[in-house]
Amino acid sequence: MTFSSEQHRSDYRVVVVGHGPSGVIAASLLGDRGIRTLAIDRQRDVYDKPRAIAIDHEILRLLDNLGAAECVLPYIAPFPASQHFGAKGQLIRRIDMVPEPYPLGYTPSMVFTQPPVEAALREHAEAYDSVDIELGTELLGFDQSPDHVTLHLRDDKGAARSVRADYMIACDGASSGTRQQLGIAFEDLVFDEPWLVVDLKVNDAAHGKLPETAAQFCDPSRPTSFIVGPGNHRRFEIMLLPGEDPREMEAPAQVWRLLARWIEPDDATLWRAASYRFHALIAQEWRRGRVFLAGDAAHQQPPFIGQGMCQGIRDVGNLVWKLDRVLKGQSGAGLLDTYGEERMEHVRQLTTRIKAIGHVICERDPVAAEARDVRILAEGGGLPRTFTRQEIVPPLQKGLLAFPLHPAHGTLFPQPWIRTAVGRRLLDVAAGTRWRLVLDERNAPDLGPDVRTELTRMSVRLIRVRSAEAADHADHGALAEEDGVLAAWFDRHGCRAAIVRPDHYVFGVANDEAALGKLLTELATRLQ
């Protein structure tokens, strides 16, 4: 195979390899910032069957920031509580979502149907003038130099060429050719279980045969998960037993045999049956020179709280704003090291928590399962305890955060509904998404000229927020929040000011001007 030595007259700043959920959102994030981008995928069409099924409010917030939320909302529904049933069929606990008023303004946990959502996201990415999308194009290999990456491509008609970019983001899946070429190994977090995933389109008359809400049947004879998708979409995830051939278990006759406890062939259309091994893996490196791994190329985790796709989108949401700063000369390339530092630790902690939930669900020893049920009920004082999916997801704990760490650092900053002259707006719409200093107007620190000058120099936007009631009596240019979400957050963390990153994670908090000045000085140093 020979490659054309002719380069594009204008090199791409970034090439995104893989146009699945993580890759397409990376392309949109880059396009939203006007960064000259090439996105490629060896497949031309969206896969026509569902794989991921859950997203959360952090991801919908990012999509809304891009102007893409409206195009996917028709295919999204709230994720109902998941009831966990023990070895004897008794309810042992629930996993639900935090109650209203919702901290980020959206339903905290949601289910979606992947093919139409992915198609809508692709259409959104195509609208950016700075983004070229080439489907049916395969990455054959790449070379790095100190100042660029050269990618060798071939389209599905056999034509080969090479393109050059400043950086490359590999969103090319669990079997990532990029990761393999770089020789980056996975760290195994020791979870490896065979499961069968079954998606159904259920007839209206048969819905009454199925659980009304999501369920985990922690039955040692056959652990099974049930998920209520949007519309008539329902999913079963069924653990395979020793001696069962995964491919044979995908056959419709076997699938209906496994589902006979709940539903019959006349009740639904079998949409997909696919066997998987649920893994817990993390790439040992997330950046090698000018190449970054993201999404399944960087990590894989069991699906028990629906965070797989969310994790990949968090990856690119973390990376792209940092690439933007570096490409614009606002920060040195060292800022990009915080991508792997932050995301690797976050994924490790969340995967460890998901793995612990998986071990509870996957227990196949009847005696151990009975002891598990007794222990879980005892933790709730003898009654099924409810905890939220949101408390399972950890904050950032490393990277671009102010030190010493405060409990608020690395948390997601809330997004309350704001009252405006033109109606209710979410905070991001009213205040923007760049670096922000948000002040609690109930007891905000005074800002002297030095702090204000530094805010201007660093392009940090000043946002003042007060309650709607207080705003009715005075107008100091503050935004008026409706439900006290932000006030409660400030009170809980014992602070009155927060510096918020473009990805909505809190860099640091303060209570007075002196502490705020130190935070800004630290931020300026860290962003160099």
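Computation of the quantities below employed the complete heavy-atom set of this structure, encompassing side-chain atoms and omitting hydrogens, waters and symmetry-equivalent molecules.
No side-chain donor-acceptor contact under 3.5 Å links Arg353 and Gln301. Side chains of His279 and Asp188: no donor on one and acceptor on the other come within 3.5 Å. For the residue pair Ser109 and Gln390, a side-chain donor N or O sits within less than 3.5 Å of a side-chain acceptor on the partner. Of the N and O atoms on the side chains of Asn318 and Tyr505, not one donor lies less than 3.5 Å from an acceptor on the other residue. Between the side chains of Gln307 and Gln311, no donor-acceptor pair of N or O atoms lies under 3.5 Å. Side-chain contact check for Gln181 and Thr178: no donor-acceptor pair (N or O, by modelled atom type) lies under 3.5 Å. A side-chain donor from one of His299 and Asp315 sits under 3.5 Å from a side-chain acceptor of the other.
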* Give the C-alpha distance, both sets of side-chain angles, the deciding distance and a yes or no for side chain to side chain contact (heavy atoms under 4.5 Å, CB included) between Arg314 and Glu342. => CA-CA 11 Å; Arg314 288 190 189 103; Glu342 292 175 1; over 6 Å; no
* Run the numbers on Thr338 and Glu341 for side-chain hydrogen bond (donor to acceptor under 3.5 Å, both in side chains), then give the verdict. => CA-CA 5 Å; Thr338 66; Glu341 185 180 10; 5.9 Å; no
* Decide yes or no on salt bridge (Lys or Arg N to Asp or Glu O under 4.0 Å) for Asp155 and Arg44, but give the supporting numbers first. => CA-CA 10 Å; Asp155 67 23; Arg44 286 192 173 272; over 6 Å; no
* **Evaluation steps, salt bridge (Lys or Arg N to Asp or Glu O under 4.0 Å), between Arg42 and Glu134** => CA-CA 9 Å; Arg42 62 183 178 181; Glu134 297 185 6; over 6 Å; no
* Steps toward salt bridge (Lys or Arg N to Asp or Glu O under 4.0 Å) verdict (Asp324, Arg434) -> CA-CA 12 Å; Asp324 184 42; Arg434 70 188 197 196; over 6 Å; no
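Minimum interatomic distance between Val451 and Leu520 (heavy atoms only, all atoms of both residues): CG1-CD1, 3.9 Å. In plain terms, the two heavy atoms of Leu293 and Glu285 that are nearest each other are CD1-O, 3.6 Å.
Taking 4.5 Å as the limit, every side-chain heavy atom of Leu426 sits out of range of all side-chain heavy atoms of Ile418. Using a 4.5 Å heavy-atom cutoff, the side chains of Leu104 and Leu60 are not in contact. Looking only at side-chain heavy atoms (C-beta outward), Val149 and Asp166 stay at 4.5 Å or farther from each other. The shortest side-chain heavy-atom distance between His19 and Thr137 does not fall under the 4.5 Å cut-off. Residues Val17 and Ile169 have side chains not in contact (no heavy-atom distance under 4.5 Å, counting atoms from C-beta outward). Taking 4.5 Å as the limit, every side-chain heavy atom of Val320 sits out of range of all side-chain heavy atoms of Ile25. For the pair Tyr102 and Met97, the minimum side-chain heavy-atom distance is below 4.5 Å. Taking the side chain as every heavy atom from C-beta outward, Pro103 and Val98 approach each other to under 4.5 Å.
Side chain of Gln144 to backbone of Arg288: a donor-acceptor contact under 3.5 angstrom is found. With Ser459 contributing its side chain and Leu455 its backbone, the two residues share no donor-acceptor pair below 3.5 Å. Within the 3.5 Å criterion, the main-chain N or O of Val465 finds no donor-acceptor partner in the side chain of Arg442. A donor-acceptor contact shorter than 3.5 Å is absent between the side chain of Thr411 and the backbone of Pro407. A donor-acceptor contact shorter than 3.5 Å links the side chain of Gln114 to the backbone of Ala52. Side chain of Arg425 to main chain of Trp417: no donor-acceptor pair is present (N/O by atom type, distance under 3.5 Å, no hydrogens or angles). Although no hydrogens or angles enter the test, the distance criterion places a donor-acceptor pair under 3.5 Å between the side chain of His406 and the main chain of His493. One N or O on the side chain of Ser331 and one on the backbone of Leu527 form a donor-acceptor pair closer than 3.5 Å. Looking only at distances, a side-chain donor or acceptor of His409 sits under 3.5 Å from a matching main-chain atom of Ala402. A donor-acceptor pair is defined here as one N or O able to donate and one able to accept, closer than 3.5 Å; no such pair exists between the side chain of Asp296 and the backbone of Gly173.
Remark: Arg290 is positioned above the aromatic ring of Tyr167, its terminal NZ or CZ atom under 6.0 angstrom from the ring centre and at most 45 degrees off the axis. Remark: Arg164 is not positioned above the aromatic ring of Tyr12, lacking an NZ or CZ atom under 6.0 angstrom from the ring centre and at most 45 degrees off the axis.
A salt bridge is defined here as a Lys NZ or Arg NE, NH1 or NH2 lying under 4.0 Å from an Asp or Glu carboxylate O, and Arg154 with Glu138 meets this definition. For the pair Arg464 and Glu441, the salt-bridge criterion is met [side-chain N within less than 4.0 Å of a carboxylate O]. We find that Arg419 and Glu481 are not joined by a salt bridge, their nearest charged nitrogen and carboxylate oxygen being 4.0 Å or further apart. Look at Arg526 and Glu522 and you find a salt bridge, because one of the NZ, NE, NH1 or NH2 atoms lies within 4.0 Å of a carboxylate O, short of that distance. Contact check on Glu513 versus Arg452 returns no salt bridge, with no Lys/Arg side-chain nitrogen under 4.0 Å from an Asp/Glu carboxylate oxygen.
Within 6.0 Å of atom CD in Glu70, 12 or fewer heavy atoms from other residues, nucleotides or ligands are found, so the atom counts as exposed in its surroundings. The number of heavy atoms from other shown groups lying within 6.0 Å of CD (Glu123) does not exceed 12. More than 12 heavy atoms of other residues, nucleotides or ligands lie within 6.0 Å of NZ in Lys328, so this atom counts as buried by the packing criterion. For Asp147, the CG atom is densely surrounded, since the number of other residues' heavy atoms within 6.0 Å is greater than 12.
Partner of Arg61 under the salt bridge (charged side-chain N to carboxylate O under 4.0 Å, His left out) criterion, out of Asp428, Asp503, Asp56: Asp428 alone. When each of Met344, Arg343, Gln300 is paired with Ile282, the side-chain contact (heavy atoms from CB on, under 4.5 Å) condition holds for Met344 and for no other.
In this structure, Tyr339 has its ring center under 6.0 Å from that of Trp286. Aromatic pair Phe191/His359: centroids less than 6.0 angstrom apart.
For the atom pair CD of Gln330 and CE of Met458, the computed distance is 11.0 Å after rounding to the nearest 0.5 Å. Here Leu439 contributes atom CG and Leu479 contributes atom CG; the two are 11.0 Å apart, rounded to the nearest 0.5 Å. Here the CG atom belonging to Leu29 is positioned 7.5 Å from the OH atom belonging to Tyr128, to the nearest 0.5 angstrom. Taking CD from Glu454 and CG from Leu516, the interatomic distance works out to 10.0 Å, rounded to the nearest 0.5 Å. Residue Gln284 holds its CD atom at 11.0 Å from CZ of Arg179, rounded to the nearest 0.5 Å. Atoms OG and CD1, on Ser82 and Ile357 in that order, are 9.5 Å from each other to the nearest 0.5 Å.
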